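Everything below concerns the one structure shown next.
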Amino acid sequence: MSIDLPAAEPALPLDTIDRAALADMVRRKLAARGSSAPPTAVPVSGAEGYRRHVAPELSRILGALDLDRSYRRGEGLRLTDANGKVCLDFAGAYGALPFGHNDPAMWAAVARVPVDSPPGFIQPSVLEAAGELAARLVAIAPPGLDRVTFANSGAESVEAALKLARSATGRLGILATKGGFHGKTLGALSATGRPDYQVDFGAPAEGFAWVPFDNLDAVRTALAAAPGHFAAVIVEPIQGEGGVVVPAPGYLRGLRQLCDEHGSLLIVDEVQTGLGRTGSLFASADEASPDIVTVAKALGGGLLPIGAVLSRSVVHSESFALRHTSTFAGGTLACRVGLAVLDRLAQPQLLAGVAERSAQLLDGLRDIARRYPAVITDVRGRGLLIGVELSGNLDLTGDQGLLGSLAEGGNLAMAVCSYLLDVEGLRLAPTLFGNTVLRVEPPLTVTADECDVLLAGMERAAAIVAAGDTAALLGHLLGPSAGTALHRPATGTAARTPSRTPEPGRTRFAFVVHPLNPASLADFDPSLSGFTDAQHTELLERFDRASSLLNPAPFVVGSGTVGGETTVHGELIGVPYTAEQLLALPTARACAVISDAVELATERGAEIVGLGAYTSIVTSNAVGLGERNVPVTTGNAFTAAASVRAVLTAATDRGVPLPDATVAIVGAGGAIGRAVAVALAGRVGRLLLVGRPGSRSARLAESVDAVETVLREANAPAGEAWTDTAVETGDDAPAAARRACVVITASSTPHALLTAGDFTQNAIVCDVAQPPNLPATLPRDRPDLATFAGGMVTVPAGSDFDLQYGLPAGITYACMAETMLLALAKESGVEDWQSLASQGEALSQDALDRLGLLADRHGFRLAGIGSRGAANAEPAR
């Protein structure tokens with residue numbers, strides 16, 4: 001360990017230092033800093049050091065999908081991880097592995113360097129290895145490119161090319177293409193056509209503009225609009241990171257002509273496509289004669305970073321030649337490896353093999369796409385740069401499941417990569433910008449047998465996705481590894497819900513739902529029914545850890561019709577967050593998630609959208625969504641109306657005299673709790689209004705004011721007696737429950753608030769909350785209680801909207817029923833149906849009454865009292 005001595009302590013020759021005195025001095029100084037001993041380094045593995053100190057953010061995201069592998073050995077296409085598991089690497093380091101991992105010829109080139117002991121870096125001087133490599137590059141380059149400038153990477157090559165163009169023309173402007181990728185240094189990033197990658201970095205620098213790729217008219221217009229401005233047009237022959245986008249024949253030839261007409265240079269970025277990747281040494285050679293070409297990646301042979309800029313002598317200015325230099329560019333070792341790369345590429349059978357394997361992969365992948373068109377929408381590419389585009393809409397049979405969510409969010413490719421790696425032993429990656437596109441970019445030396453393994457694995461993956469089988473695609477994340485075999489048969493199929501086609505002209509509605517807890521995840525995706533609650537929890541936690549990568553999108557869960565004589569068509573829109581996860585999101589993010597779901601619903605034709613469970617809570621009862629194109633309702637009004645009716649019915653059945661009864665309402669500060677309290681005011685002897693401990697007293701005070709307003713007006717419902725209801729407030733739910741003969745829970749807390757011992761004998765207990773505020777075992781533990789879930793109703797006979805998640809067929813939540821009722825009101829010609837939508841904290845008693853009348857008219861009834869799901873014939877009001 002070296003120690004920097006302060007200036008006050010003169011340094012001594014090492015052989016005269018008193019080691020004991022030095023140690024004593026160090027201890028004194030450390031003690032002065034509050035430490036009695038030198039810090040002891042805690043040894044960590046290289047993998048852990050990487051995760052902690054190099055890329056903790058990326059490691060967290062990749063780890064959620066088990067893609068954060070530590071590889072210990074690489075040979076050709078085969079990688080062996082720290083656990084001894086083998087995979088075939090078809091990602092190929094984005095084209096930087098022309099001959100696979102640890103190609104013997106590359107290492108032989110490295111081994112020859114120390115034999116003669118040439119200097120590695122001797123700037124400025126004559127670099128012999130660089131000169132030899134430059135001459136070889138010029139010999140194989142497109143005609144006219146006779147100057148070479150070396151760099152250390154593809155991005156540096158692009159930087160040099162941009163400087164070269166500006167110095168040669170005296171112009172500032174650079175015209176690039178949208179979706180293009182040229183690197184992440186400032187100039188290269190400025191040319192990269194993705195604003196989201198430029199934000200926070202001061203990019204783009206001055207002078208950059210972009211036009212659509214493969215659009216000569218756009219280039220023509222841009223150059224003509226700014227004569228004398230653009231130094232160069234920079235373009236990839238095939239957009240790699242943009243999604244392996246292949247332009248139409250003649251595109252590069254047209255660019256050459258337009259650049260000549262306007263005095264601009266043509267820069268062709270062949271960092272990814274060059275040196276054999278597309279089956280020829282340069283992808284642009286057949287069409288264009290560029291002024292500047294950049295190469296890198298393959299030039300390093302999979303061992304060393306090196307890049308080069310090939311250009312015409314006429315574009316070289318003395319300013320550039322003398323002032324663009326680099327300490328490490330053109331180093332001996334990298335250039336010797338580069339020469340070995342060119343030696344391998346000169347073997348005729350190599351590029352011929354690329355053409356054969358390209359045809360094998362393209363034909364095989366396109367055949368898979370024909371069999372699974374709902375999963376793979378396109379296969380494109382040239383040579384061994386191939387893109388497999390996955391669908392962004394898996395509306396396979398009307399019930400998308402979690403795979404539909406991944407597809408809608410553009411994240412299916414990452415999930416497929418996780419499956420392929422862990423189950424099939426195949427390593428792929430999505431393209432950087434085209435995140436729905438799987439990159440197939442193996443070494444140029446890939447064999448026919450290895451390609452067959454890839455095709456077989458892709459076939460199984462496509463079959464799993466086509467079946468909507470989330471369990472088969474992601475189950476490896478939740479259990480033991482599939483082993484070291486390169487492939488195994490896919491098993492398991494998902495239970496699917498048949499798609500219902502809406503009758504033309506019928507009013508359409510949608511309802512936004514989410515799993516209340518991990519256990520209910522299988523309600524949204526039947527393929528997950530075989531998993532345990534713990535596995536459901538882990539799956540959702542993994543989604544959360546990878547949220548910046550796997551941004552869960554809303555998805556269609558199912559659809560159906562509702563009604564008797566009058567019918568409407570509805571869809572369930574799923575949001576893959578549990579109640580606790582939604583509550584944990586920042587408010588703005590939560591509102592954005594629900595807003596996306598509402599947007600998806602309206603795009604699919606919904607004319608009214610309802611919010612279920614916690615989607616209304618996190619949006620402040622829909623207020624946080626702002627103005628929408630269609631009405632949005634929380635369903636709180638009808639939930640309150642149905643719950644009140646259920647309590648009144650239970651009281652009558654049990655002979656409970658309500659004018660003498662004490663009723664506790666847990667969650668009375670919320671919209672439903674307040675509406676229930678207002679509806680019971682004047683009907684019961686005492687109301688105990690309970691808020692959450694530590695909650696804002698203002699909301700509870702508003703509920704008290706609303707109740708007292710009703711009591712002052714003394715408007716008794718027709719045929720009912722009026723009583724002077726006493727009102728008390730508090731935040732101790734168990735204490736209130738022990739005083740009441742009727743307990744109504746409507747809290748937004750996503751767990752049980754009361755236990756079996758918190759209730760009086762024979763009490764009526766109505767749980768309106770979802771997730772429940774009561775323990776699931778309460779009916780068993782306290783059979784004396786009349787326990788039921790409030791806000792449960794039966795749908796009209798003849799309805800086939802049976803996607804009710806944990807409820808028996810024919811029963812739904814009242815909040816969902818309100819959305820149905822509004823759609824039926826519109827279909828029936830009710831002019832002011834939109835005014836019945838529930839939003840905000842205050843719910844209109846008039847709306848509650850009118851929704852009850854609509855429920856009677858269309859055949860909605862209360863679900864049974866005392867057993868969740870047993871129906872009765874009571875009107876739902």
Side-chain angles (χ1 to χ4, degrees), residues 634-654 656-690 703-704 706-707 709-711 713 715-723 725 727 740-747 763-770 773 786-794 812-818 821 836 838 841-856 860-866 872-877:
T634 63
N636 286 341
F638 190 57
T639 298
S643 299
V644 169
R645 182 63 181 177
V647 168
L648 296 178
T649 300
T652 300
D653 290 347
R654 289 223 162 189
V656 176
L658 287 177
D660 300 326
T662 295
V663 178
I665 302 177
V666 179
I672 294 175
R674 182 180 304 173
V676 170
V678 168
L680 292 178
R683 288 171 161 170
V684 302
R686 184 178 302 276
L687 283 173
L688 307 179
L689 305 185
V690 182
S703 297
V704 173
V707 169
T709 298
V710 172
L711 293 174
E713 296 175 354
N715 293 322
E720 291 190 26
W722 187 263
T723 187
T725 302
V727 181
C741 64
V742 177
V743 179
I744 304 169
T745 57
S747 168
I764 295 170
V765 183
C766 172
D767 191 4
V768 186
Q770 290 297 333
N773 286 162
T787 305
F788 56 93
M792 296 292 181
V793 298
T794 64
T812 191
Y813 297 106
C815 56
M816 187 185 297
E818 179 175 308
L821 287 170
L836 300 178
S838 306
E841 293 289 336
L843 300 177
S844 163
Q845 186 63 47
D846 177 66
L848 268 67
D849 293 339
R850 290 183 62 191
L851 286 167
L853 293 173
L854 280 171
D856 289 346
F860 289 80
R861 297 287 184 264
L862 283 178
I865 306 302
N872 64 29
E874 291 295 330
R877 63 182 180 90

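For reference, positions follow the sequence shown, starting with 1. Fair warning: this is a prediction, and the values are worked out from it, not measured in the lab.
- Residues V644 and L848 form no side-chain contact, since every pair of their non-hydrogen atoms from C-beta on lies 4.5 Å or further apart.
- Across all their heavy atoms, A855 and R861 have their closest contact at O-NH1, 4.0 Å.
- No side-chain heavy atom of L854 sits under 4.5 Å from any side-chain heavy atom of F860.
- In plain terms, the two heavy atoms of A740 and A763 that are nearest each other are O-CB, 4.3 Å.
- With sequence neighbours excluded, no residue forms a side-chain hydrogen bond (donor to acceptor under 3.5 Å, both in side chains) with T652.
- Here the closest non-hydrogen pair linking S643 and V768 is OG-CG2, 3.4 Å.
- Across all non-hydrogen atoms, the minimal contact from L689 to A668 is CB-CB, 3.7 Å.
- I672 contributes atom CD1, which lies 7.5 Å from atom SG of C815 (distance to the nearest 0.5 angstrom).
- Separating the OG1 atom in T639 from the CG atom in L851 is a distance of 10.0 Å, to the nearest 0.5 Å.
- Considering all non-hydrogen atoms of both residues, T812 and A817 come closest at CG2-CB, 4.1 Å.
- To the nearest 0.5 Å, the span separating CG on L843 from OG1 on T634 amounts to 6.5 Å.
- Closest heavy-atom contact between A814 and F638: O-CD2, 3.3 Å.
- At least one side-chain heavy atom of W722 sits under 4.5 Å from a side-chain heavy atom of L711.
- Remark: L836 CG to D846 CG distance equals 8.0 Å, nearest 0.5 Å.
- Proximity of a side-chain donor or acceptor of N773 to a complementary backbone N or O of T745 within less than 3.5 Å is not detected.
- Every residue meeting the side-chain hydrogen bond (donor to acceptor under 3.5 Å, both in side chains) condition with S838, not counting sequence neighbours, appears here in chain and number order: E818.
- With rounding to the nearest 0.5 Å, the separation of CZ in R686 from CG in D660 is 11.5 Å.
- With values rounded to the nearest 0.5 angstrom, T723 atom OG1 is found 12.5 Å from L680 atom CG.
- With sequence neighbours left out, the side-chain hydrogen bond (donor to acceptor under 3.5 Å, both in side chains) criterion links E841 to N621, R699.
- For the side-chain contact (heavy atoms from CB on, under 4.5 Å) criterion with T725, the lone passing option out of V710, V684, V663, L658 is V684.
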